[in-house]
Structures are given as C-alpha cells and as structure tokens.
Amino acid sequence: MLEIRNLHATVAGKDILKGLDLTVRAGEVHAIMGPNGSGKSTLAHVLAGREGYEVTQGTVRFEGKNLLELPPEARACEGLFLGFQYPVEIPGVSNLTLLKAALNAQRKHRGAPEIDATDFLVWVRECARVMGIDPKMLSRGVNEGFSGGEKKRNEILQMLVLQPRLAILDETDSGLDIDALKVVAEGINRLRAPQRAFVLVTHYQRLLDYVQPDFVHVLAGGRIVKSGGPELARELEEKGYGWLEAA
Amino acid sequence: MATQPEDLRELMRRREYRAGFVTAIESETVPPGLSEDVIRLISANKREPQWLLDFRLKAYRRWLTMEEPKWAHVHYPPIDFQAISYFSRPKSLAQRPKSLDEVDPKLLETYQKLGIPLKEQEMLAGVASPVAVDVVFDSVSVATTFKQKLAEAGVIFCPISEAVQEYPELVKKYLGSVVPFGDNFYAALNSAVFTDGSFVYVPKGVRCPMELSTYFRINERNTGQFERTLIIAEDGAYVSYLEGCTAPQRDENQLHAAVVELVALDDAQIKYSTVQNWYPGDEQGRGGIYNFVTKRGDCRGKRSRISWTQVETGSAITWKYPSCILRGDDSVGEFYSVAVTNNRQQADTGTKMIHVGKNTRSTIVSKGISAGYGQQSYRGLVRVLETAENARNHTRCDSLLIGDRCGAHTFPYTEVRNPTARLEHEATTSKIAEDQLYYCRARGISEEEAVSMIVNGFCKEVFKELPMEFAVEAGKLLAVSLEGAVG
C-alpha cells in the first residue's frame with residue numbers, strides 16, 4: 001500500500017529525514033516511535049503534502065501511484081488521512097460543513113454522487129456517538145474552543161466519517177487522559193480492516209496498550225534505526241531511546 | 001445553507017466577470033457635459049413639473065459651490081464631470097412601453113443573460129415566492145413586473161419618473177426630505193441630474209405581499225448612472241426591497257452616484273438589501289465603477305425599524321454609508337454589511353446611526369474581506385443626541401485578510417450627549433491562515449473551496465439577513481469575486 005524508499009526531506013533548509021525506508025501493507029498497523037526531533041512529524045507532513053516540506057531524494061508510492069507529485073487534497077481523495085498533532089481551528093465553519101465538503105470532494109474524486117443530506121447526518125451522528133462527541137459540537141466551528149482532548153477525538157471522528165485506506169495519526173495520543181485515550185483507541189480499532197492500514201506516530205507506548213501494532217519502528221536521526229514486533233515498544237518503554245541512538 | 005460547494009466549484013471555474021458584456025442597442029445619449037441647459041433638457045424630456053426642475057436647479061447651483069469630499073481612505077485621479085454624459089436611454093424606450101410585450105427583445109435578452117428573466121418572472125406568478133422587479137437600463141426604467149398584483153394590495157411600485165407624473169404630491173412631500181439636495185457633493189449632483197430609479201409606497205397597515213427588487217444596469221459608454229430611489233412605509237406597513245447592480249467591462253471608469261431615501265412612519269418596517277456587483281476593474285485596476293452613493297433611512301415614526309443589508313463585491317471604488325436617523329421613540333436601525341475588495345479595489349464603507357428618540361436601538365455588523373491589493377476601510381458613526389434617553393448601540397466590525405498585500409482599516413466614531421446611552425464595540429482582524437487551508441486540503445477539499453467555505457462562514461451573520469434566494473446568490477458572488485485570491 002505504502003512504499004517509502006530512501007526518503008530525504010528538508011524543512012526550512014534543515015535536513016530532517018535522511019534516507020528513510022518503510023513498507024506498509026494493507027491490513028497492517030505500524031507504530032513509529034522515537035525521541036523528540038527525530039523526524040516523526042516531518043514524515044507525517046511529507047506524506048500529507050504540506051508546503052515547505054521539501055523532498056530532496058527518494059520515492060513514495062501509495063497504491064502504486066507516485067504520492068509526491070499529488071497536491072494534498074488529491075492525496076486525501078486517494079484515501080490518505082492525516083490525524084493532526086495540533087488540529088487547526090476554523091471559526092465560523094461548522095464541523096458539519098467541513099465534513100460534508102470533505103466527504104463530497106472525496107466522493108466526487110471517486111465518481112460517486114454527493115451524499116444525501118439525511119444519510120450524511122445519520123452517518124456523522126453515529127460516528128460522533130462512537131467518539132463520545134456531543135452532537136451539538138458538530139454545529140460548532142471546527143475545533144473552535146475545543147479542549148485538547150476534544151480536538152484529538154474530533155480528528156478520529158473525521159477519520160471515522162471519511163473511512164480512509166491509510167491513516168497516519170500524528171501523536172493522537174498526546175495530551176489525552178486515560179478515558180479519552182480509550183475512546184481514541186476504540187475509534188481506531190473499529191476501523192481496522194484487512195483493506196486498511198495505519199501508521200501511528202507516537203512518543204509513548206501507552207496507546208499501543210490499546211491498539212496492538214503489527215510492527216514497531218524506531219525513528220532516530222531521520223532514519224529508521226530499528227524495527228520489530230510489539231515487544232520492541234515495551235523494550236523502549238523500559239530502556240528509553242538512548243541505547244539505540246548510542247548504537 | 002449558504003454554502004453549496006458544488007455550485008461554488010462550478011462558479012470558481014468561471015474566471016471572467018460574468019456581467020461584463022455590452023448590449024448592442026441604439027441609444028439616445030445627451031453629449032457629455034453638465035450645465036443648466038442639460039438639466040432643463042433632462043427635465044423637459046421627462047415632462048417634469050416646474051417644482052422638480054426648480055429642485056434640480058437649486059441642487060445644481062449648490063453643487064457648483066461644493067468640493068469633492070477628500071476624507072475617505074480611497075485614491076483615484078480627479079473626475080472630469082464635463083466628460084460624463086448625464087442621460088442615455090435605449091431609443092426603443094423613448095415612449096415608455098405599456099407592457100413587457102412592447103419591450104425591445106434585445107433588452108429582455110440582456111436581463112435574461114444576467115439571470116433576470118422578466119418574462120418568466122411574470123409567468124411564474126403564484127409559483128414559489130414571486131419577486132416584483134423594476135429594471136433600470138442606463139438612465140431609464142425598462143419595465144416593472146407584478147404591478148397589477150401590487151396595486152391590488154395598495155402598494156405602488158414604479159419608476160420614480162412615472163411616480164412624478166402619477167403621484168406628484170407623494171413625491172413632492174418626501175423627495176429630499178431624508179437626503180436634502182445639498183447634503184453632500186454627490187447627493188447634490190444626483191439631485192440635479194437624477195434620471196430614474198424606483199419609487200415604493202406602502203400604505204397604512206399593509207404588508208407588501210412580495211419582495212420588491214430593482215435591477216440597475218449601466219450599458220452605454222461614458223455615461224453616469226444617477227438613480228434615485230424613494231421608499232415610504234406608512235404606519236404599520238412592511239416592505240422588503242432588494243437592489244442588484246452590474247455594468248459592462250470597460251477600460252475607463254464610470255461614475256455611479258445614487259441617492260436612496262427611506263421613510264418609515266409609526267410601527268413601519270423597511271428592509272433594504274443590496275447586492276452590488278458593478279464592474280470592479282481588471283487585475284491591474286484599469287476600469288471599473290466609482291460607486292459614490294448616499295443612502296439614508298429616516299425612522300420617523302415610533303417603533304419604526306429600518307434595516308440595511310449590503311453585499312458589496314463590485315466597483316473599483318466604493319464610498320457608501322447607508323445610515324439611519326432614529327427619530328421616533330423606540331425605533332430600531334440595523335446595518336449588516338459584507339464588503340469584498342480584491343485586486344486593486346478600494347472601499348470606504350460603513351454606516352451612521354443617529355439616535356434622536358428615546359429608547360432607540362441600533363445594531364451594526366460589518367464584515368470586510370480584503371484580498372490581492374484590496375484596501376478597505378470601515379467608517380462608522382454612532383451619535384446619541386441629548387434627547388435620546390436610553391439609547392443602545394452594538395457594533396461588531398470584523399476584517400478578514402487573504403494574502404499579505406491587502407489592507408483593512410477601521411474608523412469608528414462615537415458622539416454621545418446623553419449619559420444614559422450604552423454603546424458596545426467589538427472589532428477583530430483575522431487572516432485566512434496557511435495552516436487552515438492545509439487542514440482543509442488534507443481532508444480532500446481544494447484550496448479555492450476552502451477559501452470560499454471560510455469566507456462564507458465569516459459572513460454567515462450577514463447572509464442570514466438577506467432574503468433566502470439572495471443569500472445563496474450572495475454566497476456564489478463572493479466566491480467569484482475572490483477567484484484567484486489565493487495561490
């Protein structure tokens with residue numbers, strides 16, 4: 001599904017990713033862990049297509065397509081979803097308006113007709129229920145005045161509504177209390193399916209207690225320095241990252 | 001629902017000013033220049049009574065002594081008032097057509113192209129919610145629809161030139177009673193040379209059975225349009241009125257100096273909405289309409305109410321302050337405005353709320369959007385006189401910037417001479433941030449659609465004041481006006 005080869009990227013002239021390789025197949029859940037500043041968020045934004053994140057070398061193929069030549073909206077329409085570490089507030093635009101515009105843009109890309117207004121509401125409310133989001137919040141401005149936890153839950157809500165093929169969740173677990181963490185994990189697990197894949201970018205292992213990954217990778221110095229199974233996450237929790245960086 | 005992404009996307013693709021075409025039609029145009037003779041000619045042409053000619057001449061003589069206002073935050077080369085033609089009409093309208101069947105098909109086609117099918121409009125009567133339309137082409141009114149139906153309700157809706165003939169006592173009583181002939185430079189000019197416009201009279205206790213609308217079109221080259229609108233709502237009457245404006249795409253600037261007067265008597269309500277889309281000029285700022293307009297409503301009666309709602313997307317320069325004089329006790333004035341300046345457009349717009357009566361209330365909501373090199377100023381005055389016990393005003397003034405070469409300025413003035421007054425003022429300036437656009441795009445929404453969604457959200461409060469069918473129009477118009485504003 002996703003094939004990253006020898007990826008180099010710079011942000012504001014600074015080399016952040018230095019030869020990253022990663023292969024994600026359908027149905028898999030990958031966790032990318034690593035110390036602060038190792039390039040985890042950069043990887044997430046390079047994949048989503050943020051301006052100012054410049055790829056200097058390497059290739060990224062998504063479902064056989066050259067991902068890097070697509071603008072961000074086309075990547076999303078192809079089924080790539082980025083859960084933001086810092087979700088953005090858009091005052092005046094309701095969550096419903098954003099979701100409907102996004103869903104319809106993606107449907108149009110697939111050649112499907114616009115969603116029926118009633119079907120849309122029923123669908124969004126169902127997703128909101130799963131995420132424990134008050135339906136009233138759906139009519140409020142996008143992330144406007146939401147608490148940190150509410151914003152993160154709102155990201156997962158958007159993911160549930162849009163049903164992406166590949167979801168990259170950038171530190172979705174940070175700043176969540178244990179109850180919110182369980183709700184977020186529930187949202188992710190609900191979407192796990194043989195045709196879908198996840199890349200969980202995280203600093204801590206605690207999300208992985210609730211979402212069992214198939215692979216765990218350690219990103220340090222802009223490259224993946226170690227890969228393994230779920231046990232690697234627990235090892236990192238015990239020993240920290242120092243032993244890897246030293247190695 | 002103000003946003004209809006599908007329609008917006010469709011419109012986004014159309015890069016040109018859609019109303020920019022010229023109708024090839026034979027016109028009678030008075031040669032450029034202004035003098036007492038020209039005024040006499042206009043007046044004679046319209047077979048006007050002596051008192052109206054006197055009104056025009058008084059205004060002209062006053063105008064000669066006045067200077068163009070310079071305080072607005074707009075810049076343009078001096079206007080040569082002798083280079084403008086003050087009267088132009090399609091030849092076929094020398095005799096006013098008695099019904100739509102007599103109107104030159106080319107003219108009807110013009111309005112059809114602009115999305116105002118006059119014929120269908122009449123045939124659709126009784127279906128959906130009909131809108132009565134008066135259309136003004138250059139200096140004359142072409143046709144007014146639904147006159148019969150309105151007459152049954154006792155409502156008069158006709159070109160002001162016709163009202164002068166048919167209802168001279170009403171026109172004489174109210175014309176210039178809200179905006180005196182010497183009020184300001186452009187109002188004086190208008191009073192001297194105004195050609196046509198709409199006249200509305202709603203008698204006591206009558207709720208006007210449909211929306212009234214006037215559609216202004218400048219077609220002829222080098223002409224100015226000086227329309228004059230007068231709306232009177234008697235005790236307990238209600239009327240909702242909407243005006244729309246377009247002009248062909250031309251390299252030179254054209255002047256539009258209108259005067260609108262509203263009079264609301266006891267318990268009367270007037271809702272006046274504008275969707276202004278005069279040609280804004282091209283990206284370099286060549287051409288476009290100078291929209292220098294005086295609009296004022298007089299809440300003359302107790303508990304009367306006047307609301308101005310404007311969506312200003314066109315014109316090279318806008319200079320416009322729809323105002324309310326809150327004379328009657330417990331009267332209410334409202335001003336809801338969305339103004340867009342893109343490319344090289346400039347706008348200095350706002351309102352004046354003059355509190356005279358007791359317990360008078362006013363609300364001001366101004367939403368300014370600047371993109372490209374657009375420059376925009378909000379200029380508002382809230383004045384509370386000694387007599388205005390317990391006056392209330394709430395002002396909200398928001399600016400949205402797109403890009404970093406445009407500007408937004410706010411000039412709020414308050415003058416309070418009664419200590420019981422309570423005034424609130426809120427103002428914000430925000431930018432469509434790069435991360436907001438990225439966030440939307442990461443969800444699959446294109447950049448232009450994201451801008452349009454954010455702008456529509458920003459304007460929601462004002463759009464909801466527009467009559468339903470126009471709220472949708474306004475949203476689309478905004479999207480078109482901001483085409484290419486990003487990226």
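In what follows, every heavy atom counts, from backbone to side chain, and hydrogens, waters and symmetry copies are set aside. Throughout, protein chains are lettered first and strands after them, A, B, ... in sequence-line order, and every chain is numbered starting at 1.
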> Going from CE on M453(B) to NZ on K100(A), what distance comes out if it is rounded to the nearest 0.5 angstrom?
Replying inline: 13.0 Å

>> To the nearest 0.5 Å, what is the distance between CZ on R441(B) and SG on C77(A)?
In response: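 The distance works out to 11.0 Å.
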
> Can you tell me if E449(B) uses its side chain to pair, donor with acceptor, with the backbone of A102(A) under 3.5 Å?
Replying inline: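 Not confirmed, E449(B) side chain does not pair with A102(A) backbone.
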
> Any donor and acceptor pair, going by atom type alone, linking the side chain of R75(A) with main-chain N or O of G444(B) inside 3.5 Å?
Replying inline: no

What do you reckon, is [atom1] of [X] surrounded by more than 12 foreign heavy atoms closer than 6.0 Å?
{"X": "E63(A)", "atom1": "CD", "answer": "yes"}
{"X": "K352(B)", "atom1": "NZ", "answer": "no"}
{"X": "R5(A)", "atom1": "CZ", "answer": "yes"}
{"X": "R125(A)", "atom1": "CZ", "answer": "no"}
{"X": "Y86(A)", "atom1": "OH", "answer": "no"}

Select one option (side chain, backbone, both, neither) describing which atoms of [X] are under 4.5 Å from chain B's heavy atoms.
{"X": "E89(A)", "value": "backbone"}
{"X": "H45(A)", "value": "both"}
{"X": "P87(A)", "value": "both"}

> Tell me the salt bridge (charged side-chain N to carboxylate O under 4.0 Å, His left out) pairs involving residues 429-440 of chain B, sequence neighbours left out?
Replying inline: R50(A)-E434(B)

> When R443(B) is tested against each of V161(A), L162(A), V142(A) for side chain to side chain contact (heavy atoms under 4.5 Å, CB included), which residue passes?
Replying inline: L162(A)

>> Please identify, among I445(B), I454(B), I432(B), the residue contributing the most non-hydrogen atom pairs under 4.5 Å to chain A.
In response: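 Between I445(B), I454(B), I432(B), the count favours I445(B).
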
>> Out of G49(A), G141(A), G92(A), return the one with the most heavy atom pairs under 4.5 angstrom to chain B.
In response: G92(A)

>> For a side-chain contact (heavy atoms from CB on, under 4.5 Å) check, start with the C-alpha distance between I90(A) and C440(B), then their side-chain angles and the critical distance, and finish with the verdict.
In response: CA-CA 9 Å; I90(A) 311 178; C440(B) 293; 3.6 Å; yes

>> Which heavy atom of L98(A) sits nearest to which heavy atom of Y439(B), and what is that distance?
In response: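 Distance-wise, the nearest heavy atoms are CD2-CE2, 4.2 Å.
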
